[in-house]
Amino acid sequence: MNSTLDQEIQFLSGVGPKRAELLRQELEIATIRDLLNCFPFRYIDRTEFYAIRDLHASSSQVQVKGVVSKVTKEGVGAKQRLKAYLTDGTGVLELVWFKNISWILNYLKPDTEYVAFGRLSEFKSAISMVHPEMEEMAKFKERSFQGLFGVYPSTEKIKKANIHGRVFRNMVEKAFEKIGNEVIPETLPASIIEELALPNLRNTYKILHMPESIRDVSKAQFRVKFEELFWVQLMLAYRKQIHQRFVKGFVFLREKDHLLKMFYTKHLPFSLTNAQVRVMSEIRGDVEQGKHMNRLIQGDVGSGKTLIALLAMLMAIDNGFQACIMAPTEILAQQHFHSISNMLSDLPITIRLLTGSTKKAERKDIHEGLQDGSINIIIGTHALLEDVVQFQNLGMCVIDEQHRFGVVQRAKLWKKNSQTPHVLVMTATPIPRTLAMTLYGDLDVSIIDELPPGRKPIKTAMLFDSHRPKMHKLIRDEISKGHQIYIVYPLIKESESLDYKDLEDGYAGITQVFPPPKYSTVVVHGKMKPDEKEAAMKLFASGQAQIMVSTTVIEVGVDVPNATVMIIESAERFGLSQLHQLRGRVGRGESESYCVLMAGYKLSNEGKTRLQSMVQTTDGFELSEVDLKLRGPGDIEGTQQSGIPFSFKLANLSTDGAILKLARQKAFEILEQDAELSLPEHSMLNKGLKQRHAQKISWRDIS
Ligand code: ADP
Ligand code: MG
């Protein structure tokens, strides 16, 4: 298979080994195929010239034409610069160079018309163009192409080497000369190309690198975006269907619902929300039919996920199996243990807690109980993963806040059984739909998008430091109503010691405004010994302390329904999902609750958007969409460990949701028809998937 596409670019005329090496190192362009797949991410219409009179400083590049009048050299040595003035009859534009001065000086001829192309900058309200690309008008007109011009990915080194759009364009033209009439093998099945009326691969390359109209460009971009998303979806769909075909699940029968029925009728003080009912029937659908459940439940804090976990575990117990919940922190595990023990207190079910601080004798007892089957539900932390933990018959495995566990850790848990138990992962960090379809594309996803009735939305405000007295008044008022207050400080590794100082100062400040013995304030942070921490938490949980000053250790876990105020200091330093999580710590009881975001004066635009979004909505899914727009998918929690490529060349998960849905639908359709991808028309898919699978990600490692 000696396709021209596989040839190295250094053999294209005008490229050579030096440039080729630079392109390989900086942009991973080694072959002609790589070059063709390096697409412009933006286009500039170079048929248009701006009138100099109309220019104003902006970030995008502009093109002007005119005659160079005066050329002057200013400054000496390193500070030397060259200035030229371009006149087009409407005004005069200053052009500036700091480098290649003698070359430019030589190039610029008087009374000659030039095209200048570049970015405008503003200095003391005067506009200039720094380091413009200059070309004589006569030459410009000679060039066959004058329309849309691609802007290619670049790096500092690429810029320094002067490899700009025009150079790319020349390389691509040379590449096409070399390819000639050779067939460019398709990477998508003909059926899809036809059905979606996509341009073929050759045309896609031609259009994207040498476009004639912006309409063509958007069609070709659509194809590239579709294809980028399609491959990820095909990989996920493939994984999912392998899982479905080869992993059998335990069957839980409805007839056996004994404890579950008892719990529903005698112990549950409320009825399920519609969303909870829907999720329960989705779980039923999985476990009734011998399908192996691998399901993610997404729902905001307080939407009632724990209850769903509990019901699912009861199903397992009714059918003679054991169940477990693994939580990422000791606090969270304890909380699950207490609330679940409470809810099941009158039922003949043995529940135990296993964490890092479980004493040795108790630990041994628990290990035995799990092995002989006398323990029905085990709740714990990473301690559950130890090899000594063996089950008699684990049937249902719940993982809370799963993104906090590494993939290997999670897999370890359900490999404890010879037959894989049903897996339910829960997350209170809502993520946008597009991201969920990608990140968890091989799981079934259930969404609880409804809070139990009677919850009052949390009132959120953003305050600056000068309004601190207002915040103190809120604290005083709420405490006088018998309520409790959280005050949270950021903790960032790089500035940890400074952060701790802020926390200490904050604690000192608060105890001054709210002095003991009338008020009691506890402080909790990660540097405390576990028993000290626990003691402080207990004081707060029992209501003896009204105020808790802490770092984000309370982010997951602490459940004090009597707490009605969440104050977040230096709120701009937190990410959106973290802010949302923190806010979720209040509003758990019947009373009106408040969240106060204390903002620094030096807010970045992004910081401001985050805080304003928090003020505007309490919907976690909505906030996650904002987060995706602000940060891009690569920075959203969980994406890095996923092993799924998230850096797309053109596709954008925050704006291309519709294309993603289409890509996913097509991927599943194809596998439904041809599970093994063995049909000749799917051979390119089979091959592509194998190449991509070379990274050896197995479904079991992903959860
Ligand atoms: P999550 O785990 O999603 O944060 P929880 O399961 O802890 O939420 O539920 C939060 C609170 O709401 C708990 O006190 C729980 O008892 C209560 N709750 C759950 N479901 C309902 C419901 N359908 N109606 C009323 N209250 C509910
Ligand atoms: Mg929970």
Side-chain angles (χ1 to χ4, degrees), residues 3-5 9 12 23 27-29 31-48 60-61 143-154 164-234 434 645-667 670 684-685 688:
S3 166
T4 305
L5 293 181
I9 51 164
L12 284 177
L23 285 164
L27 298 174
E28 291 177 20
I29 298 174
T31 63
I32 289 182
R33 179 183 287 103
D34 298 335
L35 173 68
L36 294 178
N37 279 315
C38 179
F39 305 114
F41 53 89
R42 203 157 59 77
Y43 294 85
I44 293 161
D45 188 349
R46 294 200 62 177
T47 53
E48 266 190 52
S60 60
Q61 290 155 301
R143 280 197 293 120
S144 59
F145 173 77
Q146 294 159 31
L148 292 172
F149 218 78
V151 182
Y152 285 81
S154 191
H164 45 67
R166 219 188 310 159
V167 176
F168 265 98
R169 168 109 189 181
N170 286 336
M171 290 193 292
V172 169
E173 277 169 6
K174 292 280 178 318
F176 267 105
E177 276 169 28
K178 238 187 182 174
I179 293 167
N181 288 328
E182 195 181 308
V183 173
I184 296 186
E186 255 311 329
T187 47
L188 286 175
S191 60
I192 287 189
I193 292 190
E194 205 171 302
E195 189 190 335
L196 303 180
L198 303 176
N200 65 28
L201 198 52
R202 175 186 283 266
N203 282 339
T204 302
Y205 287 146
K206 282 211 156 148
I207 293 168
L208 290 179
H209 293 288
M210 302 176 278
E212 280 172 10
S213 82
I214 204 76
R215 260 194 66 191
D216 290 350
V217 168
S218 39
K219 272 191 193 162
Q221 283 181 329
F222 181 90
R223 169 179 167 140
V224 173
K225 289 175 176 191
F226 175 86
E227 192 168 347
E228 286 184 304
L229 298 167
F230 174 80
W231 279 107
V232 173
Q233 291 303 320
L234 189 70
T434 54
F646 272 95
S647 57
F648 301 113
K649 286 176 184 152
L650 296 183
N652 176 341
L653 287 182
S654 75
T655 48
D656 295 326
I659 306 178
L660 173 61
K661 255 174 93 177
L662 185 67
R664 184 170 172 82
Q665 187 195 329
K666 292 295 155 210
I670 283 179
M684 80 285 275
L685 298 182

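- For the pair Asp34 (side chain) and Thr31 (backbone), a donor-acceptor distance under 3.5 Å is present.
- For Leu208 against Pro211, the heavy-atom pair with the smallest separation is O-CD, 4.1 Å.
- How far NE2 of His209 is from SG of Cys38: 7.0 Å, rounded to the nearest 0.5 Å.
- Here the NZ atom belonging to Lys206 is positioned 13.0 Å from the CG atom belonging to Asp216, to the nearest 0.5 angstrom.
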Subject >> Intermediate values then yes/no, side-chain contact (heavy atoms from CB on, under 4.5 Å), Gln665 and Leu662 >> reply: CA-CA 5 Å; Gln665 187 195 329; Leu662 185 67; 4.3 Å; yes

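- Within the model, atoms CG of Asn652 and CG of Leu229 stand 9.5 Å from one another, a figure rounded to the nearest 0.5 Å.
- For Glu28, the CD atom counts as loosely surrounded, since its 6.0 Å shell holds 12 or fewer non-hydrogen atoms of other residues, nucleotides or ligands.
- Around atom NZ of Lys178, more than 12 heavy atoms belonging to other residues, nucleotides or ligands sit under 6.0 Å away.
- Put simply, CG on Asn200 and CD1 on Ile184 are 8.0 Å apart, with the number rounded to the nearest 0.5 Å.
- Atom-to-atom distance recorded for Lys174:NZ and Glu177:CD is 5.5 Å, nearest 0.5 angstrom.
- Relative orientation of the Phe226 and Phe222 rings is parallel, given thresholds of 30° and 60° on the angle between their planes.
- Remark: the backbone N or O of Ala663 is not paired with any side-chain donor or acceptor of Gln233 at under 3.5 angstrom.
- Residues Arg169 and Met210 share a closest heavy-atom pair of NH1-CA, 3.5 Å.
- For Tyr205 (side chain) and Phe39 (main-chain N/O), no donor-acceptor pair under 3.5 Å exists by modelled atom type.
- Using a 4.5 Å heavy-atom threshold, the side chains of Leu196 and Leu188 count as separate.
- For the atom pair Ile192 CD1 and Leu198 CG, the distance stands at 8.0 Å (nearest 0.5 Å).
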Original post:
Do Leu27 and Tyr152 pass the side-chain contact (heavy atoms from CB on, under 4.5 Å) test, and can you show the C-alpha distance, the side-chain angles, and the key distance before you say yes or no?
Top reply: CA-CA 10 Å; Leu27 298 174; Tyr152 285 81; over 6 Å; no

